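Working notes, structure below.
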Amino acid sequence: SKKFEVSKGVSVEELKKHTTVDDGVWVVIGGNVYDLTEFMNIHPGGKAIILKYAGRDATKIFTPIHAPDIIDKFLPHDKHLGPLIGQLDMEDEEEISPEEIERLQRVENMPPITQIFNVSDFEYIAKKTLAPNAWAYYSSAADDEVTLRENHYAFHRVFFNPRVLVDVTEVDTSTTMLGSKTSVPFYCSATALARLGHEEGEKGIARGCGRQGVIQMFSTLASYSFDDITDAAEPGQVQWFQLYVNPDRSISYNLIEKCKLKNIKGIFVTVDAPVLGNREKDKRMKYIDDADIMEAQKEKVDRSQGAAKALTSFIDTSLTWKDIGDFKKQTNIPIVIKGIQTPEDVILAAKHGVDAVVISNHGGRQLEFARSPLEVLHDTMPILKAHGLHDKIEIYIDGGVRRGTDIIKALCLGAKGVGLGRAFLYANSTYGEDGVARLCQILRAEIQTGMRLLGVQKISELGPEFIDTRNLAARTTTNDELYNSVYVPLAPPRFRND
Ligand SMILES: Cc1cc2c(cc1C)[n+](S(=O)(=O)[O-])c1c(=O)[nH]c(=O)nc-1n2C[C@H](O)[C@H](O)[C@H](O)COP(=O)(O)O
């Protein structure tokens with residue numbers, strides 16, 4: 001086969017000739033020149049950002065967002081044009097805007113971590129210090145974000161029936177999840193692009209979770225490679241892998257083989273995102289400069305298809321229950337379906353011999369007006385019992401969890417464990433692995449206090465008798481000022497002279 005010879009390199013003046021679709025779009029990343037003319041049509045981040053850096057060095061914007069091996073994995077080798085010969089002059093460096101200077105000053109003056117008492121504190125600081133594109137990507141959810149808020153408010157419609165005169169000197173928050181012992185009944189759920197918020201990304205989350213004995217699930221779309229993230233874990237630390245099934249099944253089967261090699265203790269197949277949800281805060285951020293740049297390139301900004309179409313280059317929209325059986329044949333690692341949203345599909349999962357499900361709506365980022373996982377869990381358990389399947393399958397939920405008492409409520413309703421997504425991103429983005437460790441400490445302490453005041457010594461004692469769910473489906477809810485104070489409503493379109 002033709003051996004691809006890396007060229008001697010590309011001169012600066014040759015590079016400068018390739019800044020449009022017609023002449024070819026060449027970009028410098030990490031000192032090497034790449035021809036992205038074709039790739040930019042399927043780039044999940046849209047075309048404009050690539051065009052913006054045509055003929056320039058994109059290393060600074062590229063590095064926080066992409067796993068180091070992503071170019072080798074996804075860009076055909078004939079588009080690797082070799083090293084840049086010579087220096088690009090400084091004028092190419094983006095001047096820093098006044099907003100960016102203000103943001104960096106806030107980063108400088110962040111409160112000490114000892115001032116962080118709850119998840120909303122992390123969220124508040126993240127909102128003030130994250131780069132706008134990172135905040136938009138992490139905080140956004142689908143359409144009007146009703147499901148995002150509902151996920152959280154559902155917990156506020158469930159109250160406790162505490163028992164007293166129980167000896168609660170000792171409380172034990174440990175449990176097992178997918179057969180792995182864990183010191184707490186919660187885990188870090190898979191989220192993409194953690195490096196957008198902190199240079200150490202998913203590696204920092206792995207280290208922070210490791211320090212606290214908390215299980216980390218990491219995403220197919222993580223910003224570091226599979227090996228980087230598993231190597232960042234301590235020996236014996238439990239990690240789970242979240243699989244987006246690729247239209248090219250061999251890619252997914254190879255990832256399952258990697259899970260075996262790296263002693264992964266759970267494979268979570270995400271099924272609620274066959275296409276991308278409509279995340280307008282994120283889109284508005286991505287497309288702010290799209291319009292300007294694409295106009296300059298006289299190209300229509302294809303808002304509707306760009307990211308969704310590109311994302312399906314990673315995700316198979318044709319996935320069905322039959323495929324789940326195929327994955328189960330390939331490995332003994334527990335297979336979990338993440339993104340189940342009705343009791344009927346929980347029953348189907350149990351009948352397909354799946355080890356566990358996560359009742360989840362992707363943190364409200366996918367189908368708007370999907371019900372809160374807490375409500376679906378409440379409806380599911382009696383049906384599962386009626387089918388005699390409740391001890392055949394473990395049920396997890398995630399979405400909107402901000403307190404240890406939220407976790408206790410889910411356990412009372414029969415959940416085996418509870419996942420958090422944004423909380424870990426905000427903790428990692430603000431204080432790195434120390435933030436992640438602090439988050440785990442805070443939630444653990446809140447669970448211990450909750451159990452003591454509920455009159456419970458062990459996780460296994462929690463049951464529906466400890467909670468009042470009469471108001472759960474009412475969907476009128478208490479107002480959570482702390483949550484509201486951090487919540488950022490959808491921004492209207494910006495006038496050019498705003
Ligand atoms: C916040 C967030 C969530 C993502 C996430 C990225 C972000 C920024 N991403 S996403 O790029 O596809 O949207 C993933 C992902 O890679 N895979 C996945 O299974 N879930 C993904 N989720 C969903 C996550 O695993 C939980 O289901 C969700 O975050 C739980 O809600 P809370 O954020 O309220 O805890």
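All values derive from a computational prediction rather than experimental measurement. Just so you know, ligand 1 is whichever comes first in the structure, and atom 1 is the first atom listed for that ligand.
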Below 4.0 Å, non-hydrogen atoms only: which portion of [X] touches ligand 1? Side chain, backbone, both or neither.
X      : answer
Arg365 : side chain
Lys338 : side chain
Ala192 : both
Asn151 : neither
Phe268 : neither

Atoms in ligand 1 with a heavy atom of [X] nearer than 4.0 Å:
X      : answer
Thr270 : 18 (C), 19 (O)
Leu425 : 8 (C)
Ser189 : 24 (C), 25 (O), 26 (C)
Ser360 : 27 (O)
Leu420 : 35 (O)

### Summary
Given the options Asp272, Ile397, Ile340, Ser360 meets side-chain contact (heavy atoms from CB on, under 4.5 Å) only with Asp272
#### Entry: For Glu394, the option from Val336, Val354, Val358, Leu178 that meets side-chain contact (heavy atoms from CB on, under 4.5 Å)
Leu178
#### Entry: Aromatic ring proximity, centroids under 6.0 angstrom, Phe226 and Phe218
yes
### Task
Verify the ring-centre separation between Phe39 and Phe74: is it less than 6.0 angstrom?
no
Any N or O of [X] that comes nearer than 3.5 Å to an N or O of ligand 1?
X      : value
Tyr138 : no
Thr191 : no
Gly421 : yes
Gly400 : yes

### Query
Does a side-chain N-to-carboxylate-O contact under 4.0 Å join Asp227 and Lys258?
yes
### Query
So, Asp231 and Lys203, do they make that salt bridge, N to O below 4.0 Å?
no
Within the structure, is a non-hydrogen atom of [X] found at a distance of less than 4.0 Å from ligand 1?
X      : value
Ala273 : no
Gly399 : yes
Asp398 : yes
Arg279 : yes

### Message
Minimum distance, heavy atoms only, to atom 22 (N) of ligand 1: which one of Ala222, Ala190, Gly363 is it?
### Response
Ala190
#### Entry: Selection from Gln366, Arg422, Arg402 by shortest heavy-atom distance to atom 33 (O) of ligand 1
Arg422
Count the heavy atoms of every other residue, nucleotide or ligand shown that sit under 6.0 Å from [atom1] of [X], and state whether that count exceeds 12.
X      : atom1 : result
Tyr124 : OH    : no
Lys128 : NZ    : no
Asn332 : CG    : no
Glu38  : CD    : no

### Query
What distance do Gln212 atom CD and Cys188 atom SG have between them, rounded to the nearest 0.5 Å?
13.0 Å
### Query
Under 3.5 Å, side chain of Lys392 to main-chain N/O of Gly353, donor-acceptor pair present?
no
